[in-house]
Novice: 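This structure is in structure tokens; I'll ask about it shortly.
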Amino acid sequence: MKTLSPLQKARYAYIPKLPGMLRHGINEICVKEGLATESVADQEKIKALFPNTYGKKEITFEKGTNTSTAKKQVVGVILSGGQAPGGHNVVCGLYDALKATDKDNTLIGFKNGPAGLIEDNHVVFDDEFINEYRNTGGFDIIGSGRTKLETEDQFKVATEVCKKHGITAIVIIGGDDSNTNAAVLAEYFAANNVGVQVIGCPKTIDGDLKNEDIECSFGFDTATKTYSEVIGNIERDANSAKKYWHFVKVMGRSASHVALECALETQPNICLISEEVEAKKMSLSQIADYIADSVNERANNGMNFGVAIIPEGVVEFVPEFKTLISEINELLAGEKAEAFNNLGTWAEKYAFIEKGLTKESMEVFAILPQGIQQQLFLERDPHGNVQVSLIESEKLFSALVKDKLAQRKKAGTYNGKFSPLHHFFGYEGRCAFPSNFDADYCYSLGYNAFMLIQYGYNGYLSKVSNLSKPAEEWVAGGMPITKMMNIERRHGEDKPVIKKALVELDGKPFKFFEANRETWAKETCYTYPGAIQYYGPAEVCDLTTKTLALEKGE
Ligand code: FBP
């Protein structure tokens, strides 16, 4: 027997808010076409690769007579990539719109990500099944996976599976890679007259799937609120005990949106922004000095405590570290890895490394703590690359800062105490109960995806915008996925992919942070956001991120 927590029971009864324009009832939703679109870069190349789905118009839905052609819909849905709070509500919104249109419509869930489509591993949803997942976190309704849909053979199998079930549309809920796959699949189906539409939904806690249309990916709101709650609690503990420096690594594979949003919410002493580190070509030593300056100045003022936020992917943005990693990849390429692994002791391995690296990279390597040095050689992905996300950068930076402080102590410029503690917040935010914002946004994305299907669109991303306003004022519509695409070099080949949205250093969220961080570094300006609130006044429960508010000029 399943035991439900009181909150889970209460959340089953929560009714997500739809954009005003989708509240009129299915028969009163019509389409307003906007302008034709262009890809964000490499227009000619993308157009040539997507002849059937390129350049389509943006659309919005509004109140009016529904002119879509009635037909029985059998829709397949896939959850793809890392978990993000609200995924279940996308499925619920899709299901509700589909059933409200015609109770004979069917929703099929493919299990464990895109692989479920290829393996025809599926479940057919009904009310009882769906109701168990309303407003809950996680992707466990059908599971998720990271299988890429990209080969002709996979597309042929997908076509057969769709034909077998009479599928009319597939909805892919995923991040930049998964929606790239959605665009490629949409083009394949159109080029081969398969008669199946593909619609994407923008998901990822990383917040890097966005442009002027897609204001944010879902899950970013809840995940950053979850991390900010705990960072705020740590700040309060730091300010109470006054004896620890906390180094907190937060998720977000490459972009630093998560770290920046947490900093805006909690006003820590330090927050590194990977994009700035890269733009300023900062070395590990410069970053360590930057943090040590804050530790030093606070100690001079009697505050031997602080909080530093480190974005997960920062080391990849440090130019000298990037070079070191690529040299290590070369050093261990092919059979050389075996020779290295056969060496018995770390001293022998160290000698091997010393021989193989350039002088510059060896200098970088030499300053790393031994634990991190070893991680660089042990943790490799299936392609033979170092998995930078597994590098404990929070420990790396605290160790480098410790060395800097020791030097300063010798020079007589620092006389404080430095006791670092380390944390990594990532997985604990990805499956939290979706905030009201994510519950509403996700339900709307799913509901809206069905409207796009009804109106025959293919290769579109479900789009809900004006998100910093109350849901009543949200605008629902669709954007051709090709609009977000450009050509990038992947595995030695030019590939059409969705352009990742990194933190813009001239954007308002970063500018706000930049204008305040010097004060935050010296003084104690912590803010304590507290836990996500699900019930209570809208100004406490329905507010979305500071990033979005600042981007909107609010
Ligand atoms: P998506 O891009 O698929 O949304 O996943 C993002 C993410 O949560 C990153 O923040 C993190 O680096 C990665 O997934 C972890 O992946 P895994 O779940 O495979 O450990």
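Residues take their numbers from the sequence shown, with the count starting at 1. All of these numbers come straight from a predicted model, not from anything done at the bench. First listed ligand is number 1; within each ligand, the first listed atom is number 1.
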Novice: Is the Tyr457 ring parallel, tilted or perpendicular to the Tyr460 ring (thresholds 30°, 60°)?
Specialist: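 Tyr457 and Tyr460: tilted rings.
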Novice: Can a donor-acceptor pair be found, under 3.5 Å and without considering hydrogens, that links the side chain of Ser393 to the backbone of Leu396?
Specialist: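 No; judged by distance alone, with no hydrogens or angles, the pair does not exist.
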Novice: State which residues pass salt bridge (charged side-chain N to carboxylate O under 4.0 Å, His left out) with Lys395; sequence neighbours excluded, sorted by chain then number.
Specialist: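 Partners of Lys395 by the salt bridge (charged side-chain N to carboxylate O under 4.0 Å, His left out) criterion, ordered by chain and then number, come out as Glu392.
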Novice: Tabulating one pair per line, provide the atom names and distances (0.1 Å) for every N/O atom of ligand 1 that is less than 3.5 Å from a protein N/O atom.
Specialist:
from	atom 1	to	atom 2	distance (Å)
ligand 1	3 (O)	Gly82	N	2.8
ligand 1	3 (O)	Arg146	NH1	2.9
ligand 1	3 (O)	Lys203	NZ	3.2
ligand 1	4 (O)	Lys203	NZ	3.1
ligand 1	4 (O)	Thr204	OG1	2.9
ligand 1	5 (O)	Arg146	NH2	3.3
ligand 1	8 (O)	Arg430	NH1	2.9
ligand 1	10 (O)	Asp206	OD1	2.6
ligand 1	10 (O)	Asp206	OD2	3.4
ligand 1	10 (O)	Gly252	N	3.3
ligand 1	12 (O)	Glu312	OE1	2.8
ligand 1	12 (O)	Glu312	OE2	3.4
ligand 1	14 (O)	Arg146	NH2	3.0
ligand 1	14 (O)	Arg430	NH1	3.3
ligand 1	16 (O)	Arg146	NH2	3.0
ligand 1	18 (O)	Arg430	NH1	3.1
ligand 1	18 (O)	Arg430	NH2	3.0
ligand 1	19 (O)	Arg146	NE	3.3
ligand 1	20 (O)	Tyr427	OH	2.6

Novice: How are the rings of His246 and Tyr244 set relative to one another: parallel (under 30°), tilted (30 to 60°) or perpendicular (over 60°)?
Specialist: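 Geometry flag for Tyr244 against His246: perpendicular rings.
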Novice: Here's a test for you: under side chain to side chain contact (heavy atoms under 4.5 Å, CB included), which of Val198, Asn458, Val171 qualifies with Ile453?
Specialist: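 Passing option: Val171.
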Novice: Could you pull out the closest heavy-atom pair between Ile214 and Leu209, with the gap in Å?
Specialist: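 Taking every non-hydrogen atom into account, CG2-O, 3.7 Å.
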